[in-house]
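Here is the structure we will look at, set down as structure tokens.
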Amino acid sequence: MRNPPEPRRGDHGSNIIGPRNPEREKQAPDVIQPPSTDRGTLPSLKWSFADSHMRIEDGGWARQTTVREFPASTELAGVNMRLDEGAIRELHWHREAEWAYMLEGSCRFTVLDVEGGAYEADLTKGDIWYAPKGRPHSIQGVGKGGCEFMLIFDDGKFSEDETFLLSDWLAHTPKEVVAKNFGLDPSVFDKLSQKEKYMFRGITPDTSSPGLLSDVPKSKHRFTHSLLAQPPLKTPGGVPRQNSYARF
């Protein structure tokens, strides 16, 4: 569309002579020039991450779209996150289930199950992961350039700023209790951070070998899936890939 739409329909309406945003208007011309079947105001059914607040941290950033930014999205919330090579989104957990899609780069995803097992996988563009409600998990950017991914949560009221963080929990737990749990001298924990880390730079792991120690119990569950390795559906309109519980 070369020219922006005008609020005209037949002999009705008129042009816009005041300030305007032509590029945004071109994205949704029916909002400016609704069809004759229009019967009133419709809630906005889209939101741009470009309008979401950017949380900048040491080693990356995150921006979220929830029901607060997008009132129509009552059942889903989304977070777009970037991690540099070696940067870590620290071990955390939350009440909502998390589904993720890798947009670019590669990462190492780790999750703990309720049976005491640990699961680890290195993911690349097109891979997905799932972190069930309440399961501690972490993500680290690996490989040159790190990674970027999209997170989806099953509650529009989710907030990326209100997840339970390991560093925050340790800061509010007496070090004598922490020391007894790990069987170590309390002085080992004298330099624990007194505030949450959330995201921080770490050492890039060697992806040619497992990161989990050999004596760590391994989870019997699979929390990741390679979507792009899956044969696509062949249709006249394209080649979509569909995932369900049958495959993952």
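Worth knowing before you read on, the calculation uses all heavy atoms, side chains too, and leaves out hydrogens, waters and symmetry mates.
Of the listed residues (Gln242, His225, Arg241), just one forms a side chain to side chain donor-acceptor pair (under 3.5 Å) with Gln230, and that residue is His225.
Between the Thr65 side chain and the Phe49 main chain, no donor and acceptor come within less than 3.5 Å of each other. In terms of modelled atom types and a separation under 3.5 Å, the side chain of His137 and the main chain of Arg135 share a donor-acceptor contact. A side-chain donor-acceptor contact under 3.5 Å links Arg9 to the backbone of Pro34. For Glu90 (side chain) and Lys197 (main-chain N/O), a donor-acceptor pair under 3.5 Å exists by modelled atom type. A donor-acceptor pair under 3.5 Å is absent between the side-chain atoms of Asp155 and the main chain of Glu75, judged by distance alone. Between the side chain of Glu196 and the backbone N or O of Ser167 there is no donor-acceptor pair closer than 3.5 Å. In this structure, the side chain of Asp154 engages the main chain of Ala97 through a donor-acceptor pair within 3.5 Å. Panel note: side chain Asp38, backbone Pro35; no donor-acceptor pair is recorded below 3.5 Å. Between the side chain of Gln64 and the backbone N or O of Val79, no donor-acceptor pair lies under 3.5 Å.
Cluster partners of Trp47, by chain and number: Phe70. The rule joins Ile, Leu, Val, Met, Phe, Trp and Tyr whenever side-chain heavy atoms lie under 4.5 Å apart. Other cluster members for Leu233: none, since no ILVMFWY side-chain heavy atom sits under 4.5 Å from it.
A salt bridge does not link Arg95 to Glu162: none of the charged side-chain nitrogens sits closer than 4.0 Å to a carboxylate oxygen. Taking the charged nitrogens against the carboxylate oxygens, Glu160 and Arg89 do have a contact shorter than 4.0 Å, which makes a salt bridge.
At a cut-off of 3.5 Å, with distance as the only test, no side-chain donor of Ser52 or Glu69 sits close to an acceptor on the other residue.
Thr235 and Pro240 get closest at one heavy-atom pair: OG1-CD, 4.0 Å.
When the salt bridge (Lys or Arg N to Asp or Glu O under 4.0 Å) test is applied to Arg108, the partners found at least two apart in sequence or on another chain are Glu120, Asp122.
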| query | side chain to side chain contact (heavy atoms under 4.5 Å, CB included) between Lys46 and Gln27: does it pass, once the steps are laid out? | reply | CA-CA 11 Å; Lys46 70 172 186 176; Gln27 294 176 13; 3.7 Å; yes

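Taking the six-membered ring where tryptophan is involved, the planes of Trp129 and Phe109 are essentially parallel, since the angle between them stays under 30° and well short of 60°. His92 and His94 have tilted rings, their planes meeting at an angle from 30° to 60° on a 0 to 90° scale.
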